[in-house]
S.K.: 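Below is the structure I would like to discuss, written out as structure tokens.
Side chains included, hydrogens not; waters and symmetry mates left out as well; all remaining heavy atoms used.
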Amino acid sequence: MRFRSIAKGLLTFVPGIRNLLPRGKTYGTDSAEYCYGVWLKHLTLLWRHGMREMPRTIAELGPGDSLGIGLAALLSGVDRYIALDVVPFAETDRNLHIFDALAELFRRRAARPSKGWPDFDADLDQRLFPSHILTDERLAAALEPSRLAAIRNALQSFDAPVDGISIGYHAPWHDLRIVRPGSMDVIFSHAVLEHVEDLETAYSAMRAWLKPGGWISHQIDFSSHGLTEEWNGHWACPDWLWRLILGRRTFLINRQPCSVHLGYLEKGGFDVLCAWRNTERRDGITREQLASRWRALSDDDFMCSGAFLQACKPSSPPSGSPGR
């Protein structure tokens, strides 16, 4: 266990100290290239699994340091984007800077920035760009100068539609009514759901927000996020120690394994299209080191450092189901 992780948690119990600590960064979405690559991955793999029209309305959970991934979606032809976060990290100047850089990447049909996991290069052209999705015709319409101006203006006037473009940013958000039921084509997140404490409510909300036939796409990181020396050392922490590490912070990680997410997808009646597990790690703690709460982890969960999940809300509820 890293002493620094315990010390940071303990400091949050000191009256007034939280207001003196820097807000910090989430890392990742402060880079246009990162945002571009993340959106191309989710879009390309949604297409692989059956999506055949560019979504018009999307929501993102936990955009982080910028709205860059959502802006990449808007530059692909999406018209309405809603971002939901627990802390207002994204700032207008950074958003505008990343927007301009993203527009240039799309104009150049730039290659996906890095290979990463999961690998989706087989779906890309020789330039490592999804030209079968983002055709010249589609990009010409999406990058039309008046449309780019509308996106820039919408970035500076949240929730006020500008020439058919709408951007919503709600941080913090606590009301599920922020998103109208049955209004979203796609809901996605990237390295976010491992931070959500109430996963059951999150998956229930996503199902309610989606249109019939709508899609979800999530990449989830099950590692300790550097809180322990070993990538899976968080599962060796007894609950009393984990409470000290968490302290009074707004969020940390929930320590829930892949099977929990799959269980909520099943409970919500989603049609699971892919449930890929990253099981390449062979280091970390042993089973004998697991805290009592986690000793029943399956081998699949114990060896899973990450997952990529895509699923679809059925177009009609199963027979005998009241639906939503």
S.K.: When hydrophobic residues are tied together by side-chain contacts of less than 4.5 Å, even through go-betweens, does V162 share a cluster with V78?
M.R.: no
S.K.: Taking G68's backbone N and O only, do any of them form a donor-acceptor pair with S66's side chain (distance below 3.5 Å, no angle check)?
M.R.: yes
S.K.: If only atom types and distance count, is the side chain of Q156 paired as donor or acceptor with the main-chain N or O of R152 below 3.5 Å?
M.R.: yes
S.K.: Determine the sole option in L262, L193, L273 for which the side chain to side chain contact (heavy atoms under 4.5 Å, CB included) test with L309 is passed.
M.R.: L262
S.K.: One pair to check against side chain to side chain contact (heavy atoms under 4.5 Å, CB included): F270 and R207. What are the steps and the verdict?
M.R.: CA-CA 8 Å; F270 285 95; R207 193 186 193 287; 3.7 Å; yes
S.K.: So, S298 versus D300: side-chain donor-acceptor pair below 3.5 Å or not?
M.R.: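 No - no donor-acceptor pair under 3.5 Å links their side chains.
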S.K.: Any side-chain heavy atom of Y169 within less than 4.5 Å of one from L84?
M.R.: no
S.K.: Does a side chain donor of either E194 or H225 reach within less than 3.5 Å of an acceptor in the other side chain?
M.R.: yes
S.K.: Under 4.5 Å between side-chain heavy atoms, counting indirect links through other Ile/Leu/Val/Met/Phe/Trp/Tyr residues: same cluster for L246 and L244 or not?
M.R.: yes
S.K.: Would you say the side chain of R112 lies within less than 4.5 Å of the side chain of L124, judging by non-hydrogen atoms?
M.R.: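 Yes, side chains in contact.
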S.K.: Using 30° and 60° as the class boundaries, would you call the ring planes of W242 and H234 parallel, tilted or perpendicular?
M.R.: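 Answer is tilted, since the angle falls between 30° and 60°.
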S.K.: Test side-chain hydrogen bond (donor to acceptor under 3.5 Å, both in side chains) on S224 and W231; report intermediate values, then the result.
M.R.: CA-CA 5 Å; S224 71; W231 76 266; over 6 Å; no
S.K.: Could you tell me whether the side chains of S131 and D125 share a donor-acceptor contact shorter than 3.5 Å?
M.R.: yes
S.K.: Of all the heavy-atom pairs spanning R277 and W117, show the shortest one and how long it is.
M.R.: C-CZ2, 3.6 Å
S.K.: Should L96 and I165 be counted in the same cluster of Ile, Leu, Val, Met, Phe, Trp and Tyr side chains packed under 4.5 Å apart?
M.R.: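 L96 and I165: one cluster.
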S.K.: Please determine whether side chain to side chain contact (heavy atoms under 4.5 Å, CB included) holds for the pair L227 and L252, giving the CA-CA distance in whole Å, both sets of side-chain angles, and the decisive distance to 0.1 Å.
M.R.: CA-CA 10 Å; L227 293 168; L252 196 58; 3.8 Å; yes
S.K.: Where the side chain of D301 meets the backbone of L297, is there a donor-acceptor pair that is under 3.5 Å apart?
M.R.: no
S.K.: Let me see the working for Y36 and L40 under side chain to side chain contact (heavy atoms under 4.5 Å, CB included), right down to the final yes or no.
M.R.: CA-CA 6 Å; Y36 179 77; L40 291 188; 3.5 Å; yes
S.K.: Taking H190 for the side chain and Q219 for the main chain, is one N or O donor matched with an acceptor at less than 3.5 Å?
M.R.: no
S.K.: Give the ring-plane orientation class for W235 versus W294, where under 30° counts as parallel, over 60° as perpendicular and anything between as tilted.
M.R.: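 Geometry flag for W294 against W235: tilted rings.
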S.K.: Report the distance from atom CD1 of I167 to atom CZ of F158, rounding to the nearest 0.5 Å.
M.R.: 6.5 Å
S.K.: Could you report the tightest heavy-atom contact between A142 and L148, atom names first, then the distance?
M.R.: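 Shortest heavy-atom separation between A142 and L148 comes out as O-CD2, 4.2 Å.
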S.K.: What's the shortest heavy-atom distance between D283 and R281, and which atoms?
M.R.: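 Where D283 meets R281 most closely, the heavy atoms are OD2-NH2, 2.8 Å.
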S.K.: Is there a side-chain contact between R287 and L290 in this structure, where contact means two heavy atoms from C-beta onward sitting under 4.5 Å apart?
M.R.: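 Result yes, sub-4.5 Å side-chain heavy-atom pair found.
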S.K.: Among K267, H218, H261, which one satisfies side chain to side chain donor-acceptor pair (under 3.5 Å) with Y203?
M.R.: H261
S.K.: Are R243 and D239 ion-paired here, with the side-chain N under 4.0 Å from a carboxylate O?
M.R.: no
S.K.: Would you name the heavy atoms of D123 and H132 that are closest together and state the gap between them?
M.R.: O-CE1, 2.9 Å
S.K.: If you count every heavy atom of other residues, nucleotides or ligands that lies below 6.0 Å from E266 atom CD, does the total exceed 12?
M.R.: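 Counting other residues, nucleotides and ligands, CD of E266 stays at 12 neighbours or fewer.
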S.K.: Do E144 side-chain atoms and S146 backbone N/O form a donor-acceptor pair below 3.5 Å?
M.R.: yes
S.K.: Would M206 and L61 count as a side chain to side chain contact (heavy atoms under 4.5 Å, CB included) if you check the C-alpha gap in whole Å, the side-chain angles of each, and the deciding distance to 0.1 Å?
M.R.: CA-CA 10 Å; M206 285 187 270; L61 306 181; 4.0 Å; yes
S.K.: Please identify which of these residues, F308, F120, W276, meets the ring-ring contact (aromatic ring centres under 6.0 Å, His included) condition with H49.
M.R.: W276
S.K.: Would you check if there is a donor-acceptor pair between the side chains of T29 and D65 at a distance under 3.5 Å?
M.R.: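 No - no donor-acceptor pair under 3.5 Å links their side chains.
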S.K.: I178 versus W209: any side-chain heavy-atom pair under 4.5 Å?
M.R.: no
S.K.: Using a strict cut-off of less than 4.0 Å between a Lys/Arg side-chain nitrogen and an Asp/Glu carboxylate oxygen, indicate whether D30 and R94 qualify as a salt bridge.
M.R.: no
S.K.: Can you check whether M54 reaches L134 side chain to side chain, under 4.5 Å on heavy atoms?
M.R.: yes
S.K.: For the CG atom of N278 and the CD1 atom of I220, what is their distance to the nearest 0.5 Å?
M.R.: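 Going from CG on N278 over to CD1 on I220, the span is 12.5 Å.
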S.K.: Mind checking whether I58 and I82 have side chains closer than 4.5 Å, heavy atoms only?
M.R.: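 No, every pair of side-chain atoms sits at 4.5 Å or beyond.
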S.K.: In Å, rounded to the nearest 0.5 Å, how long is the span from SG of C312 to CG of L265?
M.R.: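 With rounding to 0.5 Å, SG (C312) is 11.5 Å from CG (L265).
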S.K.: Test your reading of the model: is there a side-chain donor-acceptor pair from K313 to the backbone of L210, 3.5 Å cut-off?
M.R.: yes
S.K.: Under a 4.0 Å N-O cut-off, is there an ion pair linking K211 with D185?
M.R.: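 Salt bridge between K211 and D185, a charged N being under 4.0 Å from a carboxylate O: yes.
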S.K.: If you look at every heavy atom in S217 and Q310, which pair is closest and at what distance?
M.R.: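 For S217 and Q310, the tightest heavy-atom pair comes out as OG-NE2, 2.8 Å.
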S.K.: Nearest 0.5 Å please: distance from the NE2 atom of H195 over to the CD atom of Q256.
M.R.: 14.0 Å
S.K.: So do the side chains of I133 and T44 get within less than 4.5 Å of each other, counting heavy atoms only?
M.R.: yes
S.K.: Is the side chain of R295 donor-acceptor paired with the backbone N or O of Q289 at a distance under 3.5 Å, no angle test?
M.R.: no
S.K.: Would you say the side-chain atoms of S183 pair up with the backbone N or O of V179, donor to acceptor, closer than 3.5 Å?
M.R.: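 Checked: no pair found.
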S.K.: Would you compute the distance between atom OH of Y81 and atom CD1 of I151 and round it to the nearest 0.5 angstrom?
M.R.: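 Going from the OH atom of Y81 to the CD1 atom of I151 covers 12.5 Å.
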S.K.: Whether the side chain of R107 engages the backbone of L143 through a donor-acceptor N/O pair (distance < 3.5 Å, no angle test) should be reported.
M.R.: no
S.K.: For atom CZ of R177, is the number of surrounding heavy atoms from other residues, nucleotides or ligands below 6.0 Å larger than 12?
M.R.: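 Not buried by this count: 12 neighbours or fewer within 6.0 Å.
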S.K.: For a quick test of reading the model, state the closest non-hydrogen atom pair linking W215 to G50 and the distance between them.
M.R.: CH2-C, 3.6 Å
S.K.: If you round to the nearest 0.5 Å, how far is CG of D79 from OG of S166?
M.R.: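 Atom-to-atom, S166:OG and D79:CG are 9.5 Å apart.
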S.K.: Are the side chains of K41 and L45 in contact, using a 4.5 Å heavy-atom criterion?
M.R.: yes
S.K.: Hey, are T286 and E288 close enough side-chain-wise for a donor-acceptor pair under 3.5 Å?
M.R.: yes
